[in-house]
Amino acid sequence: VEAPGASVATAGVGADLAAGAGAAAVFGGVAGPWPEVVLVAVAAGVASAPGVSSGVATVTPLTLGGKAADPTVIRKAGTVVRTVFKTTSPPILVRATGSFVAGLGATQTVRSYTGPRRGFAQAPCTGPVTDAWILGGGSAVGHTTDVILANDDDRAATVDLLPYGAQGLIDAPAGQGVVVPPASRVTVRIDTLAPGQPIVGVHLVTSVGRVAVVGDRKSTRLNSSHI
């Protein structure tokens with residue numbers, strides 16, 4: 001967590017809301033387009049709680065410096081805003097200042113009725129991290145899992161993705177040194193790292209910077225989900 005500010009990112013998205021002059025949540029978005037997706041929605045708000053009395057929260061597409069021409073602004077605690085996209089969505093930056101830092105939260109949902117994305121998937125916003133695990137993915141026939149990395153910093157992040165199968169660590173040179181440019185997202189398919197695995201866990205470690213991360217699992221036989 002940065003000082004004096006704080007950052008929260010998802011690669012889809014949870015909240016590592018630390019005290020400080022500011023906090024931010026980044027939703028990695030859905031990198032479609034996926035014609036079968038009915039909607040992608042990002043909900044963000046500031047909870048009413050003791051000590052949460054003043055500040056400003058904004059919801060904007062993620063751009064270098066976190067600036068946008070027309071952000072959605074939250075000026076009152078207890079307010080929730082919802083942004084809806086069709087088939088695909090950009091990374092979204094949710095940022096708060098003042099005491100709103102303690103009450104800030106955001107989540108994403110993806111809904112579809114057909115195709116490998118059918119179902120209802122939801123993930124909370126998460127803070128940018130240097131070490132994390134994505135569990136419950138798979139790369140067997142009929143299953144795909146994407147690891148979505150979002151970087152809300154003004155410098156590039158470098159990430160190593162270490163896949164684990166039933167027999168332990170899988171050698172995956174393609175997962176080494178993945179670069180996530182500033183204010184952007186990168187999607188890595190698990191089947192490019194560890195193909196043909198019914199169950200895969202991925203250990204993420206950064207050597208430079210921090211990223212938010214979420215897993216996006218799809219199946220021709222089961223509903224989609226975020227992991």
| query | Mind checking whether Arg189 and Asp146 have side chains closer than 4.5 Å, heavy atoms only? | reply | yes
| task | Taking the side chain as every heavy atom from C-beta outward, state whether Asp191 and Gln197 have any pair of such atoms under 4.5 Å apart. | result | no
| query | Rounded to the nearest 0.5 Å, how far does CG of Leu135 lie from OG1 of Thr145? | reply | 11.5 Å
| remark: Between Gln176 and Leu161 the two heavy atoms that sit nearest each other are NE2-O, 4.1 Å
| Taking all non-hydrogen atoms of both residues, which atom of Gly45 and which atom of Ile74 are closest, and how far apart? | CA-CD1, 4.0 Å
| query | Quick one: does Ser139's side chain have a donor or acceptor within less than 3.5 Å of a partner on Ala194's backbone? | reply | yes
| Which pair of non-hydrogen atoms, one from Val213 and one from Ala132, has the smallest distance, and what is that distance? | CG1-CB, 4.0 Å
| How far does CZ of Phe100 sit from NZ of Lys76, to the nearest 0.5 angstrom? | 10.0 Å
| field | Point-to-point distance, once rounded to the nearest 0.5 Å, from CG of Leu149 to OG1 of Thr187 | value | 7.5 Å
| Given side chains that start at C-beta, do those of His203 and Asp160 come closer than 4.5 Å, heavy atoms only? | no
| task | Answer whether the closest heavy-atom distance between the side chains of Val46 and Val52 falls below 4.5 Å. | result | yes
| request: Kindly indicate whether the side chain of Arg155, heavy atoms from C-beta on, has any atom under 4.5 Å from the side chain of Val208. | output: yes
| said: Could you report the tightest heavy-atom contact between Thr130 and Gly209, atom names first, then the distance? | reply: CG2-O, 3.8 Å
| query | In Å and rounded to the nearest 0.5 Å, what is the OG1 to CZ distance from Thr58 to Arg75? | reply | 10.0 Å
| field | Ser99 side-chain N/O to Ser53 backbone N/O, donor-acceptor pair under 3.5 Å | value | yes
| field | Side chains of Asp171 and Pro173 in contact at under 4.5 Å (non-hydrogen atoms) | value | yes
| query | Side chains of Val186 and Pro181: does their closest heavy-atom pair fall under 4.5 Å? | reply | yes
| Can you tell if the side chain of Val211 reaches within under 4.5 Å of the side chain of Leu204, non-hydrogen atoms only? | yes
| Transitively linked via ILVMFWY side-chain contacts under 4.5 Å: Val81 with Val94? | yes
